[in-house]
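Read the structure below first, then the notes.
Atoms within a ligand are numbered from 1 in the order they appear, just like the ligands themselves.
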Amino acid sequence: MTPNRVFLSPPHLSGLEEDYVANAFATNWVTPLGPHVDEFEKEFAAAVGAEHAVALSSGTAAIHLALLLAGVGPGDEVLVSTLTFVASVNPIAYLGATPVFIDSDRASWNMDPALLEEALDSRARRGRLPRAVVIVHLYGQSADLDAIVAVCARYGVPLIEDAAEALGATYRGRAPGTVGITGVFSFNGNKIITTGGGGMMVSADRSLVAHARKLATQARDPAPHYEHTEMGYNYRLSNVLAAIGRGQLRVLGERVDARRRNFALYAEALGDLPGVEFMPEAPWGTHTRWLTTLTIDPDEFGANNETVRLALEAEGIEARPVWKPMHLQPLYAHAPVIGGQVANDLFARGLCLPSGSSLTDADRERVVGVVRRTSAHGASRRPVLENRT
Ligand SMILES: *Cc1c(COP(=O)(O)O)cnc(C)c1O
């Protein structure tokens with residue numbers, strides 16, 4: 001019998017979603033907007049400790065509106081983490097602005113505050129500051145917010161937080177995403193909770209969120225007819241999807257615990273292998289371990305990350321390389337980059353293991369077995385996973 005395919009980060013429904021969705025159907029709110037959207041926004045804001053929230057059709061849409069509301073336009077520069085998913089960056093280009101990529105630090109794999117300062121300082125000297133900074137909280141871990149906020153404040157540049165991967169994480173007791181001018185979350189199918197596609201923007205600024213809500217609803221002015229003074233988008237979340245989100249939100253804590261447990265067990269089962277290093281947990285908060293990521297030194301390990309990925313794939317197990325840095329993407333080859341060596345190295349050696357909150361012990365043990373066998377030293381070292389629960 002062929003074992004089931006093991007996915008990197010599949011949706012994990014709780015069963016609670018169906019009641020909310022049934023209610024949306026029973027009340028005929030099968031619409032964009034509706035009571036579940038309003039409730040989802042309130043419950044989400046409360047869950048992360050944000051003042052105001054607007055539910056949107058995707059995290060990408062949320063980043064687009066956040067940049068627009070920060071005043072980003074043609075010819076502007078926006079500083080952004082290079083080690084990220086392309087959705088952090090494309091909205092900068094939608095607006096005709098130029099991304100300037102900033103390298104990661106080793107402590108968190110997120111934007112290096114010292115390099116951010118260097119980039120802002122050199123631009124201030126030239127008398128042309130970027131319009132915004134976009135930081136990304138990668139793989140479930142907050143960037144060093146205090147340091148980054150301080151640098152942005154010194155130069156008066158607004159900070160947008162891409163927390164799409166970091167719902168449930170903490171930074172000195174606060175939720176990443178609630179510290180900048182705006183924070184952005186995603187409910188794509190692979191994220192820690194999902195609506196099957198959706199996003200959220202949060203902010204302490206009531207009028208900014210109200211403006212985002214208007215822009216996301218075709219920018220209709222208050223009038224009985226259809227009146228428009230500015231250009232809007234169709235970016236609102238549907239009531240049915242918000243219903244799913246409400247059910248998911250109720251189990252967020254359990255989802256974080258399950259992902260952290262995956263990480264702890266992987267670290268225990270693979271941590272002795274030479275050349276294996278797990279993504280560090282920075283001292284400032286809780287890493288959700290949305291994805292368990294590690295780097296492999298091929299000389300010490302006896303195989304490289306791609307060999308391991310292919311060995312897993314041959315067993316029906318989905319693993320992925322670490323994000324390919326944006327400054328290495330053909331799409332953004334023209335854009336400036338500050339540093340880049342850390343992100344290059346993490347991409348060259350990094351691997352993301354199956355990390356879903358529904359991952360079974362048996363499936364995780366399959367993953368561990370393949371990784372250990374692929375290592376030159378692997379299986380012989382110690383008996384693999386006996387008596388593990
Ligand atoms: C998933 C993701 C996004 C985009 O979210 P969507 O809801 O898929 O549009 C943006 N940034 C990062 C870092 C992501 O991982």
What short N/O contacts, under 3.5 Å, does ligand 1 make with the protein, listed by atom pair and distance?
{"from": "ligand 1", "atom 1": "5 (O)", "to": "Ser186", "atom 2": "OG", "distance (Å)": "3.2"}
{"from": "ligand 1", "atom 1": "7 (O)", "to": "Gly59", "atom 2": "N", "distance (Å)": "2.7"}
{"from": "ligand 1", "atom 1": "7 (O)", "to": "Ser186", "atom 2": "OG", "distance (Å)": "2.7"}
{"from": "ligand 1", "atom 1": "9 (O)", "to": "Gly59", "atom 2": "N", "distance (Å)": "3.3"}
{"from": "ligand 1", "atom 1": "9 (O)", "to": "Thr60", "atom 2": "N", "distance (Å)": "2.9"}
{"from": "ligand 1", "atom 1": "9 (O)", "to": "Thr60", "atom 2": "OG1", "distance (Å)": "2.5"}
{"from": "ligand 1", "atom 1": "11 (N)", "to": "Asp162", "atom 2": "OD1", "distance (Å)": "3.3"}
{"from": "ligand 1", "atom 1": "11 (N)", "to": "Asp162", "atom 2": "OD2", "distance (Å)": "2.7"}
{"from": "ligand 1", "atom 1": "15 (O)", "to": "Glu165", "atom 2": "OE2", "distance (Å)": "2.6"}
{"from": "ligand 1", "atom 1": "15 (O)", "to": "Lys191", "atom 2": "NZ", "distance (Å)": "3.3"}

Tell me which donor-acceptor pairs under 3.5 Å the side chains of residues 47-61 have, and how far apart each pair is, sequence neighbours excluded?
{"from": "Ser57", "atom 1": "OG", "to": "Tyr235", "atom 2": "O", "distance (Å)": "3.4"}
{"from": "Ser58", "atom 1": "OG", "to": "Thr60", "atom 2": "N", "distance (Å)": "3.3"}
{"from": "Ser58", "atom 1": "OG", "to": "Ala61", "atom 2": "N", "distance (Å)": "2.9"}

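Taking 4.0 Å as the cut-off between side-chain N and carboxylate O, Arg5 and Glu313 count as a salt-bridged pair. Using a 4.0 Å cut-off between charged nitrogen and carboxylate oxygen, Arg250 and Glu17 do not count as a salt-bridge pair.
Identified under the ring-ring contact (aromatic ring centres under 6.0 Å, His included) test for residues 96-131, with sequence neighbours left out: Phe101-Tyr332.
Between Tyr139 and Trp290, the two ring planes are parallel [angle under 30°; tilted spans 30° to 60°].
Other members of the cluster containing Val37 do not exist, because no ILVMFWY side chain is joined to it at under 4.5 Å.
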